[in-house]
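Since the structure comes first, as structure tokens, the remarks are kept for the end.
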Amino acid sequence: MSLPPEMLSLHKMVRKHYLSLPKGEECQVTYVWVNEGRENLQSKTRTLYNEPAGIRDIPEWYGTDADHSEVTLVPVRMFRDPFTLDPDKLVLCEMVNGKDIPTGSNPRSQCVTVMDEVKQFQPWFGMEQEYILFGLDGEQLGWSPDGHQLQKGSCEAVGADKLCGRDISMSHYRACLYAGVKIFGANSEYLYSQWEFQVGTCEGIEMGDHLWMARYILHRVCEDFEVVASLDTKPIKESNFSSGAHINFSTKEMRSEGGLQYIEEAIRKLSKRHSRHLSVYDAHGGADNIHRLTGQGCTSSFHHFSTAVASRDVSVRIPGQVSRMGCGYFEDRRPAANCDPYPVMRALVETCLLGVTEEDDEKMKEILAS
Ligand code: ADP
Ligand code: MN
Ligand code: MN
Ligand code: MN
């Protein structure tokens, strides 16, 4: 059961009193980590008696795994806390020493290793996170229980008959700015309660860190509004609409004069390693994207790689302005909304910059099988 609106506003008023109580030098630090399924976030808060000046001042800690076993939390990136304000912190952690996660083998640290190898390329990323808002009580905002769309949405629309949830998008945007998350922009999407925000432009591993923290902040903002943001690729099975997480990518060469040739070369390499990318572009090894990438609703085919300038129904798009300027970046539209950014970034860099091919994947499979 969800709270009646008047109770919700009473709660928020009462909370204001407690948050205004005087506090000394103590600092509340909220540890945030991605659980073993690499899809959901967890967090817990503790007191530090001095404000940490940087990530090294925040001690390792421990959290609880889905099976109640203990995991070690290693702080990797610190943000300001937009909910309880300065000097409180949000800190993204790597989870290590979990049951199946030996130190150094979690998806983030593997991505760090690869990003170190390609540092000289100065790889930049930007990701577009789409999500759909649901009420509690299982109600889908703007949808009837049988999956029928009650209200017509439209991309980048204005007007209460075309969208709902602008308060959430706006609150999330400002909370990200306060926290120090590199939020690039936000817009309403094709469904009545579907929104997008973009994170970037980030260099290297920073991309995944900022995206995960932006997702955490989104879920916390939604708690305040008593709604739920779904990062499912297709939370409404009956509909053609889906949520993606397009990734934009460039290197120093691609951004410089004549860079288009490097962009085209990278896309040629991507076209020859399509299946490997799709196996890490959603949270379930391709099982979600196969229903999303149908060629309808601004998506491409799951089975075949495609590319074009300024087109939105291809795997990889070269933005029109990049084509005209002859340099810039490209957009890989295949990642699903629920993807873990680290393996996505890693696959991109391995294919485009380190020359890893489908044959290498086959060889690796044989080695692992023997
Ligand atoms: P779209 O037109 O696909 O909807 P958006 O405006 O939603 O694009 O998002 C653009 C994204 O591209 C942002 O995340 C931004 O950080 C990223 N971006 C812009 N320039 C570059 C670049 N040179 N390299 C990598 N990413 C970039
Ligand atoms: Mn976009
Ligand atoms: Mn979009
Ligand atoms: Mn896009």
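Heads up: numbering here begins at 1 and tracks the sequence. FYI, side chains are in, hydrogens and waters are out, and symmetry mates aren't considered; it's all heavy atoms of this structure. Numbering of ligands and ligand atoms starts at 1, following listing order.
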Does Lys89 pair with Asp57 as a salt bridge, N-O distance under 4.0 Å? no
What is the name of the N/O/S atom of Glu189 that is nearest to the Mn ion (ligand 3)? OE2
To make sure I understand the geometry: which N, O or S atom in Glu130 is closest to the Mn ion (ligand 3)? OE2
N-O pairing of Asp360 and Arg276 below 4.0 Å: no
OE1 (Glu128) to the Mn ion (ligand 4) to ND1 (His246) angle, given to the nearest 10 degrees: 100°
Which of the N/O/S atoms in Glu196 sits closest to the Mn ion (ligand 3)? OE1
With carbon and hydrogen excluded and only N/O/S kept, which atom of Glu331 is nearest the Mn ion (ligand 4)? OE2
In terms of relative ring orientation, are Trp61 and Tyr31 parallel, tilted or perpendicular, with 30° and 60° separating the classes? tilted
Is the ring pair Phe197/Tyr131 parallel, tilted or perpendicular, if the boundaries are 30 and 60 degrees? tilted
Crowding at CD, Gln120 (>12 non-hydrogen neighbours, <6.0 Å): yes
